[in-house]
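Here's the structure, in structure tokens; my notes come after.
In this text, all values refer to a predicted model and were calculated from it rather than measured experimentally. All residue numbers in this chain count up from 1 along the given sequence. Counting convention: from 1, in listed order, for ligands and their atoms alike. The basis for the numbers below is simple: all heavy atoms, side chains too, and nothing from hydrogens, waters or symmetry mates.
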Amino acid sequence: MDESILVVNSGSSSVKLALFNKNLEKKASALAEKLNNNDAVAHINGISEPIELPQGADHQQALQALIEIFTRTGLLKGSPFAIGHRVVHGGETFREAALIDAGTISAIKKVSGLAPLHNPVNLVGIDAMHELFPSVPQVAVFDTAYHQTLPEKAFRYALPKHCYEEWGVRRYGFHGTSHSFMVQEAARLLGKNVESTSIISAHLGNGCSITAIQDGKSVDTSMGLTPLEGLVMGTRSGDVDPGLFDYLSGRGVSASDVHAMLNNDSGLMGLSGHTNDMRTLCELAEQGDKPARLAIDVFCFRLARYIGAMTASLSHLDAVVFTGGIGENSAQVRQETIKHLGLLGLEIDPDLNQMHGKQSDHRVSHSDSRFAILTIPTNEELVIAQEASRLASN
Ligand code: ADP
């Protein structure tokens, strides 16, 4: 047996694989995409040519091909010690990561109605790895689990109570793996215990969410029943008036078309009419493109409103933390967001901001800022590897 840990993140037509050694250092990563298609292809970090997969390769064939290469190149010597899987929805059943057995699989299936595009395909990855390594412990790490500490006043919608009691309609929250990593990292950087660290964590990638963390625990978050609620995202609208469904149905747009529009054609993409890529939008805005400028304005203003709203859940605040592709890399978004929050005493240092938190304390805040502002790279794969290692060792 090898001492390494494999981390698997399966999406609808792709699967990402990462290999960590026993000291939780990442040794390799790979991506297979366009699965179940004629042009399925894979890439391994450090190997420039794409790897041919069998025509129409499925998740299992892709994982098998990637593991064969990891083994042939000596990265993996025999079976791994543990396998960790990202699973999107754990409903109210999973408050933390879980060792996978028949009971876990049936519980994941039970809550799949809450994430029909994600949970079933996460289970495909679990099955595939079980076929390849039947005796290796597998662990499920849920995007929702970290938010199970939300108090009821934060997770309930003001709907008739049977919506919650019969159908589970409540705010679950997502990106929990990333937000929990943020508070661990912020505590380390601030020299505090996680249990006494309180932050507002903004994860800004293609999907965006913000979480209030009081003394290490999630107490409010912007994503809800699904990952559609809250901030403006790459192609998702975030908050809209639910009256929109009725209004548009009166204009001949079906509920499923509105749903598709809110998920795929809205957010930065919808506002700009060009792209969901923040880097491109910043370049276009610089050249005078008005819709691109507006997309950035709406994105930053909504984010600033949410930072303000999150303070209602906190009795103290140690730092506002930015992460995700936009949060880590866009000095402009950080600056334009914090500019709205002078009343809270938040202030960016323009020079530090340009360093994107690459210096040892990760600060981008001005010394006069009432609260620290940090930029911290997220590492969800590492958290999954840590959890897999911890649970497999028990
Ligand atoms: P995902 O949620 O798919 O993992 P990422 O966390 O990689 O996405 O974030 C993707 C977003 O990060 C894109 O909008 C991209 O334009 C943005 N981004 C990456 N680098 C920069 C940059 N230097 N400046 C502005 N935005 C950036």
Side-chain angles (χ1 to χ4, degrees), residues 7-18 26 29-31 33 43 45 86 88 115 117-118 121 141 143 173-179 181-182 185 201-211 221-223 226-238 263-287 289 291-300 302-303 321-338 348 350 352-358 364 375-384:
V7 172
V8 181
N9 181 354
S10 23
S12 55
S13 62
S14 71
V15 60
K16 288 185 196 153
L17 193 61
K26 190 156 140 181
S29 60
L31 165 72
E33 45 189 354
H43 309 261
N45 247 10
R86 174 185 181 219
V88 168
L117 299 179
H118 295 102
V121 81
V141 180
D143 279 16
F174 299 85
H175 288 146
T177 315
S178 178
H179 292 300
F181 184 65
M182 285 307 113
E185 283 294 281
S201 164
H203 177 111
L204 312 174
N206 272 314
C208 300
S209 72
I210 185 164
T211 295
T221 195
S222 59
M223 283 179 169
T226 75
L228 186 54
E229 190 178 345
L231 301 176
V232 175
M233 313 187 207
T235 62
R236 283 176 243 160
S237 61
N263 274 287
N264 307 324
D265 305 322
S266 298
L268 295 173
M269 172 71 90
L271 282 163
S272 71
H274 292 298
T275 174
N276 58 345
D277 188 288
M278 183 57 89
R279 202 172 357 192
T280 310
L281 288 172
C282 291
E283 286 159 13
L284 286 167
E286 183 71 24
Q287 293 155 20
D289 185 288
R293 180 65 262 166
L294 179 70
I296 300 168
D297 285 346
V298 178
F299 183 94
C300 294
R302 175 87 57 89
L303 175 57
V321 179
F322 286 92
T323 193
I326 299 173
E328 290 165 32
N329 297 302
S330 178
Q332 182 174 347
V333 166
R334 291 191 298 263
Q335 202 248 313
E336 293 188 15
T337 302
I338 296 299
I348 284 268
L352 290 179
N353 196 27
Q354 288 305 328
M355 293 171 70
H356 305 291
K358 298 248 156 55
V364 294
T375 297
I376 301 177
T378 193
N379 197 340
E380 290 157 289
E381 283 173 346
L382 174 64
V383 178
I384 297 173

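For ligand 1, the polar-atom distance check against M278 finds a nitrogen or oxygen pair separated by under 3.5 Å. Ligand 1 has no nitrogen or oxygen under 3.5 angstrom from a nitrogen or oxygen of G205. Residue I326 has at least one N or O atom closer than 3.5 Å to an N or O atom of ligand 1. On a distance-only criterion, R279 and ligand 1 share at least one N/O pair closer than 3.5 Å.
Nearest-heavy-atom check against atom 19 (C) of ligand 1 across G234, G267, G207, G325 picks out G325.
If you number the atoms of ligand 1 from 1 as listed, the ones under 4.0 Å from a heavy atom of S330 come out as 25 (C). For ligand 1, the atoms lying closer than 4.0 Å to a non-hydrogen atom of N206 are 1 (P), 2 (O), 3 (O), 8 (O), 9 (O). Applying the 4.0 Å criterion to heavy atoms of N329 picks out, from ligand 1, the atoms 19 (C), 20 (N), 21 (C), 22 (C), 23 (N), 24 (N).
Using modelled atom types and a 3.5 Å distance limit, the side chains of N45 and S29 yield a donor-acceptor pair. Side chains of D289 and H274: a donor on one and an acceptor on the other come within 3.5 Å.
Comment: E381 engages K26 in a salt bridge, judged by a side-chain N to carboxylate O separation of less than 4.0 angstrom.
At least one heavy atom of N276 sits closer than 4.0 Å to an atom of ligand 1.
Using a 4.5 Å cut-off on side-chain heavy atoms (C-beta onward), L231 and L204 make contact. Contact check for F299 versus L281: no side-chain heavy atoms found under the 4.5 Å cut-off. Inter-residue side-chain proximity for V321 and H179 is flagged as unmet; no heavy-atom pair is nearer than 4.5 Å.
Within a 4.0 Å radius of atom 4 (O) of ligand 1, the protein contributes no heavy atom.
Under the side-chain hydrogen bond (donor to acceptor under 3.5 Å, both in side chains) rule, E328 has a single partner from T378, T375, T323, which is T323.
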